[in-house]
Number of protein chains: 4
Amino acid sequence: MARPRSDNKRLAILSAALRTIAAQGPGAATAVIAKAAGVSNGSLFTYFETKATLLNQLYLDLKAEMAAAALGGLPADQGLREQLHFMWVHWLDWATSCPDKRRTLAHLEVSEEITAESRETAHGMMAGVARLLEQSREHGPMRAVPLAFLLALLSVLADTTTDFIIRDPANAEHHREAGFNALWRMIA
Amino acid sequence: MARPRSDNKRLAILSAALRTIAAQGPGAATAVIAKAAGVSNGSLFTYFETKATLLNQLYLDLKAEMAAAALGGLPADQGLREQLHFMWVHWLDWATSCPDKRRTLAHLEVSEEITAESRETAHGMMAGVARLLEQSREHGPMRAVPLAFLLALLSVLADTTTDFIIRDPANAEHHREAGFNALWRMIA
Amino acid sequence: MARPRSDNKRLAILSAALRTIAAQGPGAATAVIAKAAGVSNGSLFTYFETKATLLNQLYLDLKAEMAAAALGGLPADQGLREQLHFMWVHWLDWATSCPDKRRTLAHLEVSEEITAESRETAHGMMAGVARLLEQSREHGPMRAVPLAFLLALLSVLADTTTDFIIRDPANAEHHREAGFNALWRMIA
Amino acid sequence: MARPRSDNKRLAILSAALRTIAAQGPGAATAVIAKAAGVSNGSLFTYFETKATLLNQLYLDLKAEMAAAALGGLPADQGLREQLHFMWVHWLDWATSCPDKRRTLAHLEVSEEITAESRETAHGMMAGVARLLEQSREHGPMRAVPLAFLLALLSVLADTTTDFIIRDPANAEHHREAGFNALWRMIA
DNA sequence: GATGAATGAGGCTTCATTCAT
DNA sequence: AATGAATGAAGCCTCATTCAT
């Protein structure tokens, strides 16, 4: 099977999967996703060999988008705290402004269908974040723990903070800063 | 009087569900769970009206067990930091010593099948932890954030730390303390 | 298995079956019937070897009761038309006053579970009605058709008339007489 | 364009349902019907959303066919008695020549699965018969009873007569005329 | 005998994937 | 390549009947 031609269709499927999974979880039927994409039942399988393939791709796309949002435009000329704060703000902005993406990502993160390889790749996308973290903690109390540990902590902190912002958007900025300060106290 | 409903069997089903879901996720077939419990296909449904019922029950049991582990034997006569540390240690001990329970709980936590009511009940089980947290942060930098936020942070910190201990058991104690110190820096 | 002792229980089951089947059709679960009878699940099967046995017994009981209602107190000293009218009135009275019995009988009449033998036996219960019919049509236009045909016609006439009485009870007497007159015109 | 939904297959399923239900009643398993239709288990559900849908469709089809048989080619230029007789003959011809259809229709008529709407629609198909009946009874003894009552009587008369023809086909014509004469005496 | 738990064969329906058009 | 019908393996749950207590 050659590479299918229409990139549009491929993207439509990915986007439909995003919306559908946000609403129904990863158990959403491929037929439903296809219909949401305006594409036939069977076409889905010319673009993605398998439902798992689609899920993994979606996972990687979302992770990449999230990483890009977090890392884009980092003010390299400023202090570490400012850079980390910048990243934090953009990460949370992304997460709170696309609740579907966040929700779907949360679903996929715990899905059995996502392969170890995908998780590996996704991990790599956060290299920039990791680097920033590495520098930030260099002289701090967590200078000796595995970096991966720190990264995981950052991730769940961001996630939890996002939850609270979504639940109580009136105090978005307040929660955001509280979360960041907690993070900074932890590592620096 | 007829054969009484056997508590053993009930527990066997719960335990089989635990093991099976740890391995296959909440999508595990009831038939598989039944067989793992050494019970007939239909018997499962005399003990649990529905698959969802079983899942919710399992969720509540695990939560209760976790809360009990975390809160049992709290040294009320010691300082807050000591008490919180005590809780932290016992919580992580429980989580690292029953990886299946932890894994299953993680699965259920994000499952669509768990009702709001169950989550509510589970939340109530953590009241003791919440109280401890409340006192610990009373004069600290997070004295103004919603307690629920703090509780959530504690929970994901514990979870993440557990992950690292399981992945690298040789340094269990080290990770455990690193996690606790991070927590304490955050809140106190 | 010896003859079980409690006739009460046997009757309770029969009566529960009557009510339950009226409401849910012959597909009603034996467990439901047992519970309605205030009897255990398994007891039902010490009184009736099989669900089919129960259904057939119920069928026969209802048929017998209906026949008895129709034939009881027949004024043997009066004319044929009067006797047939008497029977007609009592038949319809019975049918309209116990809608559950009628409904259940209708269900059983078309059930696959009722054996040919039961139908035979039930047929025999209508011998009195048949005799009356035989005499009534003796010199009429239907003197040559099989008696069974006539009996069947009488039966469906009565049934249909009952339907209309139940649907429009305000004109019960009117429908009843219209039905009888139609019958009489047909046969005499 | 994909393989179009095959009318053949649809009809095969309907026909298999007809045969299977005639033999086993409306409790017949969808799997059995599918196999009888030479179709996969799941295909049945691409043609009929639900077992109930299939049953209702079958009911309507049979009713329509029966009505068409009864009303087709009505000699409008002849007297009422002749027209009614014509209808009677054709109705009975249809019923006796397709015993399966008749049997299945009888089963469906009393099934819980047939919706009120289907019954309504089916009722409408008999409008032609109703009209004929209306005219026939206009000056007769039943001129005052509800037309629906008459229609019901006609229906059970036809049904009962069919039974006897099937049971004793040697005297088909005889039974047929006896039935018709009884009907005519009743209404005209 | 009475009870109700235990059994396991189906029943209906969904769904990922394949295949004819 | 696109379509959507076809497939059949599960999945959850029901239920008549049996059996331990």
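Keep in mind that this is a model prediction, so the values were computed, not measured. Proteins come first, then strands; the chains are lettered A, B, ... in the order of their sequence lines, and each starts at number 1.
Look at CD on C:Q24: it is 15 Å from C1' on F:dA16, rounded to the nearest Å. One interatomic measurement links the two molecules: CZ of A:F48 to P of E:dC15, which rounds to 20 Å at whole-angstrom precision. To the nearest angstrom, P of F:dG11 lies 14 Å from CD1 of B:I21. Rounded to whole angstrom, the span from the CG atom of B:L55 across to the P atom of F:dC13 amounts to 10 Å. Distance, D:D7 CG to F:dA5 C1': 14 Å, rounded to whole Å. Separating the CD atom of A:E113 from the P atom of E:dA16 is a distance of 10 Å, rounded to the nearest angstrom. In this structure, B:I33 places its CD1 atom 11 Å from P of F:dC13, rounding to the nearest Å. Protein atom NZ of C:K51 is 8 Å distant from nucleotide atom C1' of F:dA16, rounded to whole Å.
Taking only side-chain nitrogens and oxygens, A:Y47 never comes nearer than 4.0 Å to OP1 or OP2 of F:dA1. Side-chain N/O atoms of C:S40 include none lying less than 4.0 angstrom from OP1 or OP2 on E:dG4. Between A:S6 and the phosphate of F:dA1, there is no side-chain N or O to OP1/OP2 separation shorter than 4.0 Å. Contact annotation: D:S43 side-chain N/O to F:dA5 OP1/OP2 distance is not under 4.0 Å. Within the 4.0 Å cut-off from OP1 or OP2 of E:dA6, at least one side-chain nitrogen or oxygen of B:T46 is found. Contact annotation: D:T30 side-chain N/O to E:dC12 OP1/OP2 distance is under 4.0 Å.
With respect to the salt-bridge test (charged N to carboxylate O, under 4.0 angstrom), the residues B:K51 and B:E113 do not qualify. Between B:E109 and B:R102 there is no salt bridge, since no side-chain N of the basic residue sits under 4.0 Å from a carboxylate O of the acidic one.
The two residues B:A95 and B:I166 make their nearest non-hydrogen contact at O-CD1, 4.4 Å.
Under the side chain to side chain contact (heavy atoms under 4.5 Å, CB included) rule, B:L18 has a single partner from B:L62, B:I13, B:L105, which is B:L62.
Taken to the nearest 0.5 Å, the CZ atom of D:F45 stands 10.0 Å off from the OG atom of D:S40. With values rounded to the nearest 0.5 angstrom, D:L11 atom CG is found 8.5 Å from D:S15 atom OG.
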- line: Pairs under 3.5 Å (Watson-Crick or G-U), crossing ones as [ ], inter-strand ones as |: DNA chain E comes out as .||||||||||||||||||||
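Judged by closest nucleotide on DNA chain F, B:V32 is the one of C:N41 and B:V32 placed further toward the 5' end. Toward the 5′ end of DNA chain F lies the nearest nucleotide of D:K9, the other residue of the pair D:K9 and C:A52 mapping further downstream. Comparing B:R5 and D:F45 against DNA chain E, the residue whose closest nucleotide sits nearer the 5' end is B:R5. Summary of the strand contacts: D:A31 and C:L44 both lie near DNA chain E, and taking for each the nucleotide with the nearest heavy atom, the more 5' one is attributed to C:L44.
Considering only the side chain of B:V39, E:dT7 comes nearest among F:dC15, E:dT13, E:dT7.
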field: Working for side-chain contact (heavy atoms from CB on, under 4.5 Å), residues B:T50 and B:L55
entry: CA-CA 9 Å; B:T50 266; B:L55 260 31; over 6 Å; no
- prompt: Does the pair D:T53 and D:Q57 meet the rule for a side-chain contact (heavy atoms from CB on, under 4.5 Å), with working shown?
  reply: CA-CA 6 Å; D:T53 312; D:Q57 189 56 240; 5.6 Å; no
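If you check every strand for non-hydrogen atoms under 4.0 Å, C:A28 touches sugar and phosphate atoms only.
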